[in-house]
Amino acid sequence: GNLVDFNNDLQLHRRLRTHEKREMQKEILSILGLPHRPRPHLLNGKYNSAPLFMLNLYNTINSEERNEVDGILDQYKSMFTTPGPPLATSQDNAYLNDADMVMSFVNLVEYDRELSPHRRHHKEFKFNLSQIPEGEAVTAAEFRIYKECVSSTFRNETFLLSVFQVVGEHPDRDADLFLLESRHLWAVEEGWLDFDITATSNLWVMSPHHNLGLQISVETSSGQNISPREAGLVGRDGALERQPFMVAFFKVSEVHVRTAR
Amino acid sequence: STGKRRQQSRNRSNHPQEAHKGPGHTDYNSSDQKTACRKHELYVSFRELGWQDWIIAPEGYAANYCDGECSFPLNAHMNATNHAIVQTLVHLMNPENVPKPCCAPTKLHAISVLYFDDNSNVILKKYKNMVVRACGCH
C-alpha cells in the first residue's frame with residue numbers, strides 16, 4: 001500500500017481504493033506545485049544526455065543520502081553500454097548550491113533545414129522554455145555539446161567553434177545572428193564543452209517570441225567552413241548520452257502560495 | 001530542579017534495562033505514551049502512485065507526520081513552545097472554550113525530486129519542508 005505506519009498500533013498498511021489513490025495523487029501533485037501529472041513522450045528520451053546529466057546533479061546533492069538512491073541510479077546507469085555520460089563540472093556544482101531548481105532542455109530540431117550556401121554547415125538548436133514554473137528566475141544557463149577526438153583529415157587541425165543566438169528570421173534571406181562566444185578547439189580534444197547562455201535564456205524566458213534558438217559554425221585555422229561533425233562535435237546522429245542539450249539553474253523569486261481547494 | 005533531573009538521567013542511562021528504549025524515552029505510563037504527541041513514520045511511494053514513468057528519482061520519500069495529545073506534562077523528550085505551555089494552562093482553566101496546543105512539526109527537511117515535464121525536459125527541484133524530522137506542541 002501507499003501508507004505504511006510502522007509505529008502506530010493501528011497499522012495503516014492497506015492498499016488505497018481507486019478514488020483514494022486519485023485523491024492522494026492530486027494532493028501530492030499540489031505539494032509538488034504541478035497542475036497535472038506530466039505525460040512525457042520518452043521513447044529514447046530516458047537514455048539521453050540531459051536526463052543523465054540531471055541524474056548526476058541529483059546524485060551530487062543527495063551524496064549524503066547516497067545509500068537510499070544508489071539503487072535507482074545504478075538502474076539507470078546500467079542502461080548505458082557506451083562511456084561518456086555528461087558529468088557536472090565544479091562550476092555546475094557552484095550554481096547548484098545556489099539553485100532551487102535545475103532544468104535540462106532537449107534539442108527540438110529533428111531535421112536540418114536547408115540554409116544558404118554560405119551557412120550550409122551551420123547547425124541549429126531549439127529548446128522549449130515554455131514550461132518553466134512561474135516565479136523562477138534564471139541564475140545561470142549553459143549550452144552543452146560533446147566533442148569527440150578527430151582521427152581523420154583534420155587530425156592536426158585547430159578549429160574555431162562559434163555559438164550564435166538567432167535574433168531574427170526572414171523568409172527570403174539568412175537569419176540574423178548574434179555571436180555569443182567563439183572558442184578554439186584542438187582536433188584531438190574530447191569531452192563536454194559548455195557555453196554560458198544566461199543572458200540569452202533570460203531573454204527567452206521573459207519574451208518567448210524571441211526564442212529562435214541557437215546556431216553553431218566551425219572553421220578550420222585556414223578559415224574554411226566545415227561541418228561540426230567533421231570537427232568531432234556530436235549531433236543528432238551521435239550517441240544518445242552525448243546529445244547536445246541546454247541546462248538552466250533557477251532561483252525562486254516569488255513565494256509560492258498554494259491555492260485553496 | 002535541573003540538578004536532580006541530571007542525576008536521574010545519569011541513573012537511567014546506567015540501568016541495563018533502559019538500553020533498549022531508544023533515544024528520548026521517558027517514564028510516563030504506557031497509556032500516556034501511546035497518545036502523546038510524537039512523530040509517526042509515513043512513506044509516500046511514487047512507484048505505488050504509478051508515477052515511475054515521469055518521476056525519475058526518488059522512488060518515494062519518508063514524509064512522516066505528527067499525531068498525539070499535547071497535555072500536561074508536556075513530555076520532556078518533546079519540543080514544546082513556551083506558548084504551548086501557556087495554552088495548556090488556559091485549556092485546563094477553561095477546557096470548554098480553549099483547545100489544547102497542537103501537535104505539529106518542529107523540524108522539517110527538504111527533498112529533491114527529479115522528473116520529466118510534458119516536453120521530456122528534466123526538472124530537478126528542491127522542495128522545502130517535505131519531511132517531518134521532529135514533532136512538538138505549539
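Here is the naming used below: chain letters follow the sequence lines, and residue numbers restart at 1 for every chain.
Residues B:W54 and A:L34 meet the side-chain proximity criterion, which asks for heavy atoms closer than 4.5 Å. When side chains are defined from C-beta on, B:P58 counts as touching A:Y58, because their heavy atoms get closer than 4.5 Å. Using a 4.5 Å cut-off on side-chain heavy atoms (C-beta onward), A:E136 and B:K125 make contact. In this structure the side chain of B:N121 reaches within 4.5 angstrom of the side chain of A:V106, judged on heavy atoms. A heavy-atom distance below 4.5 Å is found between the side chains of A:Q131 and B:N119.
In this structure, chain B has no heavy atom under 4.5 Å from any part of A:L108. Heavy atoms closer than 4.5 Å to chain B are found nowhere in A:L129, neither backbone nor side chain.
To the nearest 0.5 Å, atoms CE (A:M54) and OH (B:Y115) are separated by 9.5 Å. To the nearest 0.5 Å, the span separating OG on A:S130 from CG on B:D117 amounts to 8.0 Å. Annotation: the span from A:L32 atom CG to B:I111 atom CD1 amounts to 7.5 Å, rounded to 0.5 Å. In this structure, CH2 in B:W51 is found 8.0 Å from CZ in A:R37, a value given to the nearest 0.5 Å. Going from atom CD1 of B:I55 over to atom CD1 of A:I28 covers 9.0 Å, rounded to the nearest 0.5 Å. Atom CZ in A:F250 sits 11.5 Å away from atom CG in B:L124 (nearest 0.5 Å).
Within 6.0 Å of the CG atom in B:N94, the count of heavy atoms belonging to other residues, nucleotides or ligands exceeds 12.
For A:R22, the salt bridge (charged side-chain N to carboxylate O under 4.0 Å, His left out) test picks out no residue, with sequence neighbours left out. Under the rule for a salt bridge (charged side-chain N to carboxylate O under 4.0 Å, His left out), A:K147 has no partner lying at least two apart in sequence or in another chain.
In this structure a side-chain-to-backbone donor-acceptor pair under 3.5 Å is present from B:D118 to A:R39.
The shortest heavy-atom contact between B:L49 and A:Q25 is O-NE2, 2.6 Å.
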